[in-house]
Amino acid sequence: MTSTTTTVYGYPRQGPDRELKKAVEGYWQGRVTADQLRRTGAELRRAAWRQLVEDGVREVPTGDFSYYDHVLDTSVMVGAVPARHRAAVAADPLDGYFAMARGTREVAPLEMTKWFDTNYHYLVPELGPGTVFSADARKQVGELTEALSLGFAARPVLVGPVTFLLLAKPAADAPADFVPLTLLDRLLPVYAEVLADLRAAGAEWVQLDEPALVQDRTPAELNAAARAYRDLGALTDRPRLLVASYFDRLGEALPVLAKAPVDGLALDFTGPAAANLADLAAVGGLPGKRLVAGVVDGRNVWINDLERSLATLATLLGLADRVDVAASCSLLHVPLDAAAERDVDPQVARWLAFARQKAEEVATLARGLAEGPGAVAARLAANRAALGSRTASALTRDPAVRARAAAVTAADTRRAQPYAERAAAQRVRLRLPLLPTTTIGSFPQTPELRAARAGLRAGRIGAAAYEERIEAEIREVVAFQEKAGLDVLVHGEPERNDMVQYFAERLDGFLATRHGWVQSYGTRYVRPPVLAGDVARPGPMTVRWTGFAQSLTARPVKGMLTGPVTMLAWSFVRDDQPLAETARQVALALRDEVADLEAAGTSVVQVDEPALRETLPLRAAGRAAYLEWATEAFRLATSGVRPDTQIHTHMCYAEFGDVIGAIDELDADVISLEAARSRMRVARELAAHAYPREAGPGVYDIHSPRVPDPEEAAALLRTGLSAIPAERLWVNPDCGLKTRGWPETRTALENLVAAARTVRTELAPPSV
């Protein structure tokens with residue numbers, strides 16, 4: 001057996017101080033030139049490779065860096081540019097690239113949705129029967145050449161052709177029965193050309209990521225994968241091929257790839273994917289091939305159990321010609337460096353591993369595998385002690401919280417009245433017009449507001465001055481909404497840094513980081529909290545600011561909360577107890593907040609659950625159990641209110657068809673959903689399910705600088721009305737407005753209200 005090496009599949013792109021975000025946004029604003037942006041990208045790539053090698057990674061990835069999204073990069077690589085963007089791409093490839101990602105004032109962007117069950121968003125390829133692919137490997141070849149010129153052993157990482165097609169959606173003009181996977185034979189020659197270009201540039205290995213194969217796949221889809229890797233493997237002018245999967249077990253796809261004429265497989269052996277070990281043994285291993293073993297969890301922030309991973313690796317030695325050590329997936333999904341967190345409790349800090357620490361764990365495991373455990377005895381001992389300290393720590397368990405969670409009954413998870421009775425009571429209390437208008441919650445976070453928050457954090461201003469700034473922001477937001485004519489108002493959330501972090505900072509059991517940024521999409525980075533212990537609410541979290549906003553207006557102001565599933569999905573969760581147990585704890589804390597809002601006079605409470613779909617298990621076998629506890633947690637948080645208190649929820653940027661039944665099970669009175677980019681597809685899905693309650697499919701895509709005019713918004717509303725009766729249809733944007741500027745926000749919401757008024761008149765024209 002050849003010597004063991006170390007690798008990862010990707011690394012955080014943003015830099016230690018989010019240099020990439022600043023450069024890209026500076027480019028959009030005209031403050032950074034294209035050359036400056038490219039130089040920043042090259043500097044970040046170089047620094048990442050050097051850091052990986054310093055931490056013990058011997059084969060670095062290339063091609064994983066992106067100015068916006070790696071799936072969008074793949075669309076460019078294979079020439080899958082929608083017709084509406086071709087002129088922009090031809091005129092200026094960089095501006096055209098960003099137009100595909102964000103849209104322009106004239107042209108809509110690509111649809112965006114979640115990358116499997118993570119909180120990363122990718123740009124969905126649009127394909128049709130007329131799609132003509134063409135190879136453009138300049139990015140991939142250029143980044144490989146950079147790494148090789150610096151003396152690094154490098155392996156390009158590409159999205160594989162099968163996953164690319166399975167993630168794509170039919171273009172708007174495609175026939176209703178068009179399936180993108182039918183384009184495989186047209187796409188494979190383009191991949192062959194890219195592989196040849198990479199080989200010519202010096203690539204010894206190329207990794208093709210096929211995470212879509214860990215999902216339940218039909219025989220036809222598995223046959224397509226077999227054909228793809230039969231054809232690519234048979235190429236004579238190619239590097240050696242490493243096919244990678246992650247996030248779950250390969251299952252029925254494993255024998256397909258094991259038999260394929262490729263040179264190696266990269267498999268995940270963490271979490272549910274640990275089943276890959278037995279499955280690999282069952283197919284007879286990978287004789288004559290390379291196995292890259294993902295034994296370090298690339299998605300969570302807890303330290304690895306090194307002794308357990310070494311045992312797994314020792315078992316794998318007999319199942320492949322060569323076993324290398326890696327993280328389970330790209331380290332894109334975790335923050336950069338736990339050592340930067342100076343404010344974390346030292347006891348908890350021992351338990352954390354971000355990207356840098358995970359690379360070091362990979363190196364330790366490789367050395368232990370190659371030289372024996374004695375070679376890393378000191379590291380194993382320190383790891384064992386850290387794991388033991390977490391198990392024994394009082395920080396992780398609160399007896400009162402556990403007793404309350406154990407006492408929950410079925411009655412606690414259901415509203416006392418059926419929806420029809422609640423709806424009647426809410427109509428009397430709220431007195432809303434047909435097609436009521438509202439927003440999702442957040443309003444633009446101005447530079448002055450961000451400066452005030454930073455000043456409070458740094459001690460430059462006091463709490464009183466900060467609260468005056470918050471009150472001023474709320475006054476402006478409420479005044480604008482009243483003037484614009486919105487029916488149900490929000491306070492704009494100026495006090496919130498993030499919809500999860502804000503609550504995590506006010507709940508026991510959560511830990512907030514200072515530098516733990518993770519890319520959510522494009523230049524949007526979040527700092528997921530770390531859930532280290534049992535969850536409790538020391539006191540009210542939102543009542544003051546919601547009540548202040550309500551004091552400024554006679555119109556209803558929504559209380560705004562983040563739901564239990566989303567609190568978990570957008571945090572780094574505990575791996576030492578079932579998620580369902582943690583969700584129940586969070587739900588009880590939120591239930592107390594809902595009760596306090598209602599007691600303070602709040603008539604509408606929105607509990608957002610955008611992560612309900614993204615946390616859905618990748619395989620159908622695990623979905624029923626997940627949806628049962630996930631919907632129960634939402635109901636537990638919201639079911640203690642009076643019938644005339646209206647409960648809203650919100651979801652965005654996901655494929656909702658798989659969870660329509662669960663959306664019904666939430667029993668919310670109103671749900672708002674992202675729908676603008678998909679042209680109201682979710683409205684049709686709700687109608688097909690006979691969804692019985694009120695819904696607001698969005699008419700304004702807030703992730704694009706495009707501002708829809710009143711007629712465009714009205715057209716979407718009319719499409720929505722074809723599926724949802726007018727008495728149950730709401731009018732709202734797709735998502736919160738935090739990332740938008742005030743000028744576009746004002747115009748967009750004024751247009752939204754104008755559209756609602758136009759369609760109301762069409763439905764009930766004034767009498768002459």
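These figures come from a predicted structure and were not determined experimentally.
Within the 4.5 Å cutoff, the side chain of V71 has no heavy atoms near those of the L123 side chain. Residues L568 and T615 form no side-chain contact, since every pair of their non-hydrogen atoms from C-beta on lies 4.5 Å or further apart. Between Q501 and F510, the closest side-chain pair of non-hydrogen atoms is not below 4.5 Å. Considering only heavy atoms from C-beta on, R290 comes within 4.5 Å of T5 through its side chain. In this structure the side chain of L213 never reaches within 4.5 angstrom of the side chain of S245, judged on heavy atoms. No side-chain heavy atom of F354 sits under 4.5 Å from any side-chain heavy atom of P12. Side-chain contact between L313 and F269: absent, with no pair of heavy atoms (C-beta onward) separated by less than 4.5 Å. Contact of the L291 side chain with the L280 side chain is registered, since non-hydrogen atoms from C-beta on lie closer than 4.5 Å.
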Donor-acceptor pairs under 3.5 angstrom involving side-chain atoms of residues 147-164: please list them, not counting sequence neighbours.
unit_1	atom_1	unit_2	atom_2	d
S149	OG	T145	O	3.2
S149	OG	E146	O	2.7
R155	NE	Q207	OE1	3.0
R155	NH1	T7	OG1	2.7
R155	NH1	E59	OE1	2.7
R155	NH2	T7	OG1	3.2
R155	NH2	V8	O	3.0
R155	NH2	Q207	OE1	2.8
T163	OG1	E210	OE1	2.7
T163	OG1	A212	N	3.2

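Between W351 and W302, the angle of the ring planes lies from 30° to 60°, which puts this pair in the tilted group. Note: F116 and F247 have tilted aromatic rings, judged against thresholds of 30 and 60 degrees for the angle between ring planes.
The main-chain N or O of L195 is never found under 3.5 Å from a side-chain atom of R238 such that the two would form a donor-acceptor pair. Checked by atom type and distance alone, the side chain of R450 pairs as donor or acceptor with a backbone atom of Q445 at under 3.5 Å. No donor-acceptor pair under 3.5 Å is formed between the side chain of K358 and the backbone N or O of N304. Looking at K738, its side chain does come within 3.5 Å of a backbone N or O of N497 through a donor-acceptor pair. Looking at D268, its side chain never comes within 3.5 Å of a backbone N or O of A273 through a donor-acceptor pair. A distance-only check finds a donor-acceptor pair linking the side chain of E341 to the backbone of G516 [under 3.5 Å]. Judged purely by atom type and a 3.5 angstrom limit, E361 has no side-chain atom pairing as donor or acceptor with the backbone of V296. Between the side chain of S66 and the backbone N or O of Y68, at least one donor-acceptor pair lies under 3.5 Å. For D263 (side chain) and L241 (main-chain N/O), a donor-acceptor pair under 3.5 Å exists by modelled atom type. T4 places a side-chain N or O within donor-acceptor distance of the main-chain N or O of V323, the cut-off being under 3.5 Å.
One distance of note links CG of L531 with CZ of F572; it measures 11.5 Å at 0.5 Å rounding. In this structure, CZ in R102 is found 10.5 Å from CG in D95, a value given to the nearest 0.5 Å. Note that CG of D64 is 9.5 Å distant from CG of D209, once rounded to the nearest 0.5 Å. Residue E360 holds its CD atom at 12.0 Å from OG1 of T6, rounded to the nearest 0.5 Å. Between the CD atom in Q519 and the CG atom in N119 there is a gap of 11.0 Å [rounded to 0.5 Å]. For the atom pair NZ (K22) and CZ (R31), the distance works out to 10.5 Å, reported to the nearest 0.5 Å.
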Begin with the C-alpha distance, continue with both residues' side-chain angles, and end with the deciding distance and a verdict on salt bridge (charged side-chain N to carboxylate O under 4.0 Å, His left out) for D297 and R299.
CA-CA 6 Å; D297 187 351; R299 293 182 54 176; 5.9 Å; no

Given side chain to side chain contact (heavy atoms under 4.5 Å, CB included), test L310 with L365 step by step and report yes or no.
CA-CA 6 Å; L310 273 177; L365 290 167; 3.7 Å; yes

Audit row: D73, Y97, side chain to side chain donor-acceptor pair (under 3.5 Å) steps and yes/no
CA-CA 8 Å; D73 296 341; Y97 173 88; 2.6 Å; yes

For side chain to side chain donor-acceptor pair (under 3.5 Å), just list the numbers for E143 and W49, CA-CA rounded to whole Å, side-chain angles, deciding distance to a tenth of an Å, and then say yes or no.
CA-CA 11 Å; E143 292 177 13; W49 294 327; over 6 Å; no

Step-by-step side chain to side chain contact (heavy atoms under 4.5 Å, CB included) determination, Y27 to F98
CA-CA 10 Å; Y27 177 74; F98 287 129; 3.8 Å; yes

For the pair L208 and L232, evaluate side chain to side chain contact (heavy atoms under 4.5 Å, CB included) and give the outcome as yes or no after the intermediate values.
CA-CA 11 Å; L208 294 168; L232 293 178; 4.1 Å; yes

If you apply the rule side chain to side chain contact (heavy atoms under 4.5 Å, CB included), what do you find for E505 with R496, and how did you get there?
CA-CA 10 Å; E505 290 173 343; R496 303 185 191 183; over 6 Å; no

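When all heavy atoms of A293 and L316 are compared, the closest pair comes out as CB-CD1, 3.7 Å. Residues Q357 and D337 come closest through the heavy atom pair NE2-OD1, 2.7 Å. The minimum heavy-atom distance linking A569 with A611 is given by the pair CB-CB, 3.4 Å. Heavy atoms only, all atoms of each residue included: L267 and L250 are closest at CD2-CD1, 3.5 Å. Of all the heavy atoms in T566 and V500, the pair that sits closest is O-CG2, 3.9 Å. Looking at every heavy atom in both residues, V89 comes nearest to M100 through CG2-SD, 4.0 Å.
Here S330 pairs with L332 under the side-chain contact (heavy atoms from CB on, under 4.5 Å) rule; sequence neighbours left out.
Annotation: R514, atom CZ; neighbour count of heavy atoms from other residues, nucleotides and ligands within 6.0 Å does not exceed 12. The number of heavy-atom neighbours closer than 6.0 Å to CZ of R46, taken from other residues, nucleotides and ligands shown, is above 12. Heavy-atom neighbours of E204 CD from other residues, nucleotides or ligands within 6.0 Å: at or below the threshold of 12. A 6.0 Å sphere centred on CZ of R379 holds no more than 12 heavy atoms belonging to other residues, nucleotides or ligands.
Geometrically, R18 does not engage Y525 in a cation-pi contact, judged by NZ or CZ lying under 6.0 Å from the ring centre and within 45° of the ring axis.
Here R524 pairs with D498 in a salt bridge; the nearest charged N to carboxylate O distance falls below 4.0 Å. With respect to D575 and R390, a salt bridge is recorded, a charged nitrogen being found less than 4.0 Å from a carboxylate O.
Between H70 and Y120, a ring centre-to-centre spacing shorter than 6.0 Å is recorded. Note: Y9 and Y11 fail the aromatic proximity criterion, with ring centroids not under 6.0 Å apart.
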